[in-house]
Colleague: 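The structure that follows is given in the form of structure tokens.
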Amino acid sequence: MAKELKELTTREENYSQWYNDLVVKADLAENSAVRGCMVIKPYGYAIWEKMQRQLDDMFKETGHVNAYFPLFIPKSFLSKEADHVEGFAKECAVVTHYRLKTNPDGTGVVVDPEAKLEEELIVRPTSETIIWSTYKNWIQSYRDLPILCNQWANVVRWEMRTRLFLRTAEFLWQEGHTAHATESEALAEARKMLDVYAQFSEEYMAVPVIKGVKSANERFAGAVETFCIEALMQDGKALQAGTSHFLGQNFAKAFDVKFVNKENQLEYVWATSWGVSTRLMGALIMAHSDNNGLVLPPKLAPFQVVIVPIYKSEEQLAAISEKVAQITTELKQLGISVKYDDSDNRKPGWKFAEYELKGVPVRLAMGARDLEHATVEIMRRDTLEKETVSFDGIAVHIQHLLDDIQTNIYKKAFDYRASVTREVNSYDEFKEEIEKGGFLLCHWDGTPETEERIKEETKATIRCIPLNGDKTPGKCMVTGKLSAQRVVFARSY
RNA sequence: CGGAGUUUAGCGCAGUUGGUAGCGCGCUACGUUCGGGACGUAGAGGUCGGGCGUUCGAGUCGCCUAACUCCGACCA
């Protein structure tokens with residue numbers, strides 16, 4: 001059995017530190033010279049690219065197309081939707097000038113006061129406003145609808161306190177912005193994309209999620225309804241993994257976007273927006289990893305199999321490499337990505353530890369002993385179990401193993417969540433239970449005041465009003481007033 | 001933005017009453033090794049976060065400033 005890495009803080013010692021150590025030591029990302037902004041390193045970016053590719057395919061399959069809108073938004077645009085500007089104003093980066101000049105004293109450059117912009121530009125915190133000002137020109141008739149656009153972009157939100165992947169001042173995401181002729185169509189779109197996110201999270205990230213609706217307090221600034229998927233991390237805290245908003249006609253009204261319907265009547269357009277960000281990386285890391293490092297689901301691992309040769313001479317290495325080439329070819333034919341690490345500056349033991357840290361799902365080790373017996377040692381990252389198997393049929397064996405790992409880590413995350421999800425019926429019990437973490441299913445009277453009070457007293461928020469599950473009415477645990485159904489409470493990231 | 005801590009070689013750290021900077025890992029070369037983070041020998045690598053001050057003399061003392069980490073506040 002592998003021993004734990006010396007340099008990695010354990011989850012039990014300090015979960016938060018464990019996460020930070022892991023992100024840096026597994027070469028996923030690091031802090032940059034710019035406050036709150038991270039550098040995503042090649043290994044981390046490779047995971048993000050896999051997420052992007054899969055999500056992009058899913059968006060295309062559901063009829064969406066990609067486009068690109070400007071990074072800058074005129075200040076006046078942001079203020080056209082009242083709730084929207086209120087939600088974002090406090091965290092906007094603002095461009096005020098367009099030129100620098102040499103400092104009169106010769107030391108570097110200064111902002112040229114002559115080059116002040118007529119109207120300041122906001123670095124987009126999200127693109128609803130610039131997109132809806134554009135859609136105005138694209139839409140005249142019901143025949144122009146629906147518009148189903150997505151963009152992959154970076155956005156900036158000037159956060160006070162940042163953490164790699166979970167909350168950074170600049171982050172990468174996709175934002176879908178759709179325009180529809182009817183309310184029901186827009187609502188269906190918002191729900192459809194929520195399902196896409198949930199499917200992606202569960203099937204690819206192996207992270208089980210609860211689909212639900214946000215309470216008014218947690219709703220997106222400018223939305224009529226916010227749908228979300230909520231995931232649970234190993235420390236018992238919740239993480240919002242994706243949101244899909246039904247925007248009603250709010251942005252159409254703010255930007256005066258009307259269309260002529262079949263009856264030749266002018267109507268405002270109905271809208272949705274939906275997004276997931278590099279925060280998903282944080283969810284992925286925290287959901288599965290252990291004290292030895294990352295545990296990646298095979299479907300998102302930059303490479304699924306790593307092969308480490310164990311040799312004493314060049315001749316031995318050559319013999320091993322020849323055998324490895326056969327295995328690699330077979331694996332690639334099955335669509336399995338492989339890395340053969342025959343670098344001679346690291347010993348096998350070092351490589352074992354390194355690839356465990358990086359979460360490679362399956363590791364093969366091959367030495368003289370294996371050549372002699374026509375076998376390979378296989379280790380699976382999720383359970384750290386080793387077995388020695390014959391060359392024959394190894395590719396198919398690994399294919400099954402990868403499927404099994406994908407299923408197993410999902411099940412592990414699912415079982416963990418189930419073990420810390422429970423119904424709580426009194427506020428006293430709630431205050432006690434919330435300290436233990438996990439999801440608490442409770443009755444709530446539906447008012448923002450009660451939610452606010454619970455938040456102040458316990459730091460817990462309503463993660464969502466679940467779409468599925470128990471719909472039995474009851475009485476609010478705080479006020480005793482009527483409650484339509486249980487909602488999900490947790491402390492969150 | 002408030003409170004606390006940190007900042008010295010690529011990374012992790014030590015540095016005494018103020019006297020001119022060191023250890024481990026890593027890196028380079030060579031050799032021995034190679035089935036769970038090997039070892040030996042020889043090397044390279046520093047305006048001590050930045051600025052100002054006190055002093056004959058500052059990594060060390062004082063003030064300012066920046067970044068990072070943690071705890072709050074804020075946050076879709």
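Every heavy atom of this structure was used, including side-chain atoms; hydrogens, water molecules and symmetry mates were not. Per chain, numbering begins at 1; letters A, B, ... match sequence-line order.
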Colleague: Report the base-pairing partner of B:A58 (Watson-Crick or G-U wobble, both distances below 3.5 angstrom), or none.
Modeller: none

Colleague: From C-beta outward on A:Arg346, which listed nucleotide comes closest to its side chain: B:G35, B:G36, B:G26?
Modeller: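 Taking heavy atoms from C-beta onward, the closest nucleotide is B:G26.
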
Colleague: Can you find a side chain N or O atom of A:Arg369 that sits less than 4.0 Å from OP1 or OP2 on B:G35?
Modeller: no

Colleague: Categorize A:Gly36 for me: base, sugar-phosphate, or nothing, with a 4.0 angstrom heavy-atom threshold over every strand shown.
Modeller: sugar-phosphate

Colleague: Could you state the atom-to-atom distance from CZ of A:Arg463 to P of B:C75 in whole Å?
Modeller: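 So the two atoms are 13 Å apart, to the nearest Å.
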
Colleague: Could you tell me the Watson-Crick or G-U partner of B:A21, where both distances fall under 3.5 Å? Say none if there is no partner.
Modeller: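 Partner of B:A21: none.
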
Colleague: With a cut-off of less than 4.0 Å, is there a side-chain N or O of A:Asn345 near OP1 or OP2 of B:G26?
Modeller: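 Answer is no, no contact under 4.0 Å.
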
Colleague: If I pick the C1' atom on B:C74 and the same atom on B:U65, what distance separates them, to the nearest angstrom?
Modeller: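 Approximately 25 Å lies between the C1' atom of B:U65 and that of B:C74.
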
Colleague: Which nucleotide, if any, forms a Watson-Crick or G-U wobble pair with B:C48, using both distances under 3.5 Å?
Modeller: none

Colleague: With heavy atoms under 4.0 Å as the rule, sort A:Pro125 into base, sugar-phosphate or nothing.
Modeller: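 Answer is base: heavy atoms of A:Pro125 come under 4.0 Å of a base.
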
Colleague: From the list B:G36, B:C1, B:C34, which nucleotide is the closest neighbour of the side chain of A:Arg363?
Modeller: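 Minimum distance to the A:Arg363 side chain belongs to B:G36.
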
Colleague: Considering every strand and a 4.0 Å limit on heavy-atom distances, what is the contact class for A:Ala368: base, sugar-phosphate, or nothing?
Modeller: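 Result for A:Ala368 = base.
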
Colleague: Rounding to the closest angstrom, what is the interatomic distance between B:U7 and B:U16 at atom P?
Modeller: 13 Å

Colleague: Is it the case that A:Glu12 and A:Asn291 place a side-chain donor and acceptor less than 3.5 Å from each other?
Modeller: yes

Colleague: Would you say B:A38 has OP1 or OP2 under 4.0 Å from some side-chain N or O of A:Lys347?
Modeller: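 Indeed, a polar side-chain atom of A:Lys347 lies that close.
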
Colleague: Roughly how many Å apart are B:G46 and B:G50, using the P atom of each and rounding to a whole number?
Modeller: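 Each nucleotide's P atom is 14 Å from the other's.
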
Colleague: What's the closest nucleotide to the side chain of A:Ala365 if the choices are B:C34, B:C74, B:G35?
Modeller: B:G35

Colleague: Within the modelled atom types, does a donor on one side and an acceptor on the other bring the side chain of A:Lys386 and the base of B:G36 under 3.5 Å apart?
Modeller: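 Checked by distance alone, the answer is yes.
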
Colleague: Find the partner of B:G43: check Watson-Crick (N1-N3 plus N6-O4 or O6-N4) and G-U wobble (N1-O2, O6-N3) distances, both under 3.5 Å, and reply none if neither fits.
Modeller: B:C27

Colleague: Quantified in whole Å, what is the C1' atom distance between nucleotide B:A44 and nucleotide B:G51?
Modeller: 31 Å

Colleague: Suppose you measure atom P in B:A21 against the same atom in B:G59; what distance do you get, rounded to whole Å?
Modeller: 9 Å

Colleague: Rounded to whole Å, please give me the gap between CG in A:Asp27 and P in B:G26.
Modeller: 16 Å

Colleague: To the side chain of A:Lys459, which of B:G35, B:G26, B:G72 is closest?
Modeller: B:G72

Colleague: Do the side-chain N or O atoms of A:Arg35 get closer than 4.0 angstrom to the phosphate oxygens (OP1, OP2) of B:U69?
Modeller: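 Checking B:U69 against A:Arg35, no side-chain N or O comes under 4.0 Å of OP1 or OP2.
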
Colleague: Report the residue from A:Lys351, A:Arg363, A:Arg381 that forms a salt bridge (Lys or Arg N to Asp or Glu O under 4.0 Å) with A:Glu356.
Modeller: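 Per the salt bridge (Lys or Arg N to Asp or Glu O under 4.0 Å) rule, the option paired with A:Glu356 is A:Arg363, out of A:Lys351, A:Arg363, A:Arg381.
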
Colleague: Please give the distance between the P atoms of B:G31 and B:G12 as a whole number of Å.
Modeller: 33 Å

Colleague: Which whole number of Å gives the distance between the C1' atom of B:G43 and that of B:G26?
Modeller: 14 Å

Colleague: Does B:G37 have a Watson-Crick or wobble mate here (both distances under 3.5 Å), and if so which one?
Modeller: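 No nucleotide pairs with B:G37.
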
Colleague: Does a side-chain N or O of A:Lys351 approach OP1 or OP2 of B:C34 to a distance below 4.0 Å, or not?
Modeller: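 False: A:Lys351 side-chain N/O out of range (4.0 Å or more) of B:C34 OP1/OP2.
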
Colleague: Between atom CG in A:Asn20 and atom P in B:G12, what is the gap in whole Å?
Modeller: 13 Å

Colleague: Report yes if at least one side-chain N or O of A:Ser16 is closer than 4.0 Å to OP1 or OP2 of B:C70; otherwise report no.
Modeller: yes

Colleague: Taking the side chain of A:Asn31 as its heavy atoms from C-beta onward, which of B:U69, B:C74, B:G35 lies nearest to it?
Modeller: B:U69

Colleague: Between A:Lys214 and A:Leu164, name the one whose nearest nucleotide on RNA chain B is closer to the 5' end.
Modeller: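 Its nearest nucleotide lies further toward 5', so the answer is A:Leu164.
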
Colleague: What integer distance in Å separates A:Trp350:CH2 from B:U33:P?
Modeller: 23 Å

Colleague: Of the candidate nucleotides B:G37, B:U69, B:G35, which contains the atom at the shortest distance from the side chain of A:Glu377?
Modeller: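 Taking heavy atoms from C-beta onward, the closest nucleotide is B:G35.
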
Colleague: For B:A66, give its Watson-Crick or G-U wobble partner with both distances under 3.5 Å, or none.
Modeller: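 Partner of B:A66: B:U7.
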
Colleague: From the set B:U69, B:G36, B:C1, return the single nucleotide nearest to any side-chain atom of A:Met160.
Modeller: B:C1

Colleague: Examine A:Trp132 together with A:His84 and report whether their ring centres are nearer than 6.0 Å.
Modeller: no

Colleague: Between C1' on B:G36 and CG on A:Asn292, what's the gap in Å once rounded to a whole number?
Modeller: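 Going from A:Asn292 (CG) to B:G36 (C1'), I get 11 Å.
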
Colleague: Closest to the A:Met379 side chain: B:A73, B:C34, B:G36?
Modeller: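 Among B:A73, B:C34, B:G36, the one nearest the side chain of A:Met379 is B:G36.
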
Colleague: Is A:Lys80 close enough and on-axis enough to A:Phe77, meaning under 6.0 Å and within 45°, for cation-pi?
Modeller: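 Here A:Lys80 passes the 6.0 Å and 45° test against A:Phe77.
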
Colleague: Would A:Arg380 and A:Asp382 count as a salt bridge (Lys or Arg N to Asp or Glu O under 4.0 Å) if you check the C-alpha gap in whole Å, the side-chain angles of each, and the deciding distance to 0.1 Å?
Modeller: CA-CA 6 Å; A:Arg380 54 186 291 174; A:Asp382 60 337; 2.7 Å; yes

Colleague: Under a 3.5 Å cutoff, is there a donor and acceptor pairing between the side chains of A:Tyr19 and A:Asp235?
Modeller: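 Note: A:Tyr19 and A:Asp235 side chains miss the donor-acceptor criterion.
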
Colleague: Do A:Ser215 and A:Asn217 meet the criterion of a side-chain donor-acceptor pair at a distance under 3.5 Å?
Modeller: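 No, no side-chain donor-acceptor pair sits under 3.5 Å.
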
Colleague: Checking side-chain polar atoms at under 3.5 Å, does A:Arg124 have a donor or acceptor matched by the opposite partner on A:Thr126?
Modeller: no

Colleague: In whole angstroms, how far is the P atom of B:C11 from the CG atom of A:Asp21?
Modeller: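 It is 15 Å, rounded to the nearest whole Å.
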
Colleague: If I take atom CZ in residue A:Phe352 and atom C1' in nucleotide B:A38, what distance separates them, rounded to the nearest angstrom?
Modeller: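 In whole Å, B:A38 C1' lies 14 Å from A:Phe352 CZ.
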
Colleague: Tell me whether the side-chain N or O atoms of A:Arg161 pair up with the base of B:G72 as donor and acceptor below 3.5 Å, since no angle test is needed here.
Modeller: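 Such a pair is found, so the answer is yes.
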
Colleague: Judged by each residue's nearest nucleotide on RNA chain B, which is more toward the 5′ side, A:His245 or A:Arg163?
Modeller: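 So the residue in question is A:Arg163.
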
Colleague: Using the P atom as the reference point in each nucleotide, state the distance between B:U41 and B:G24 in Å, no decimals.
Modeller: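 Straight-line distance between the two P atoms is 11 Å.
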
Colleague: Which base, if any, makes a Watson-Crick or G-U wobble pair with B:U16, both distances under 3.5 Å?
Modeller: none

Colleague: For the residue pair A:Phe220 and A:His245, does the interplanar ring angle fall in the parallel (under 30°), tilted (30 to 60°) or perpendicular (over 60°) class?
Modeller: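 Plane angle under 30°, so parallel.
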
Colleague: Can you measure A:Asp344 atom CG to B:G31 atom P for me and round it to whole angstrom units?
Modeller: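 Roughly 12 Å, once rounded to whole Å.
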
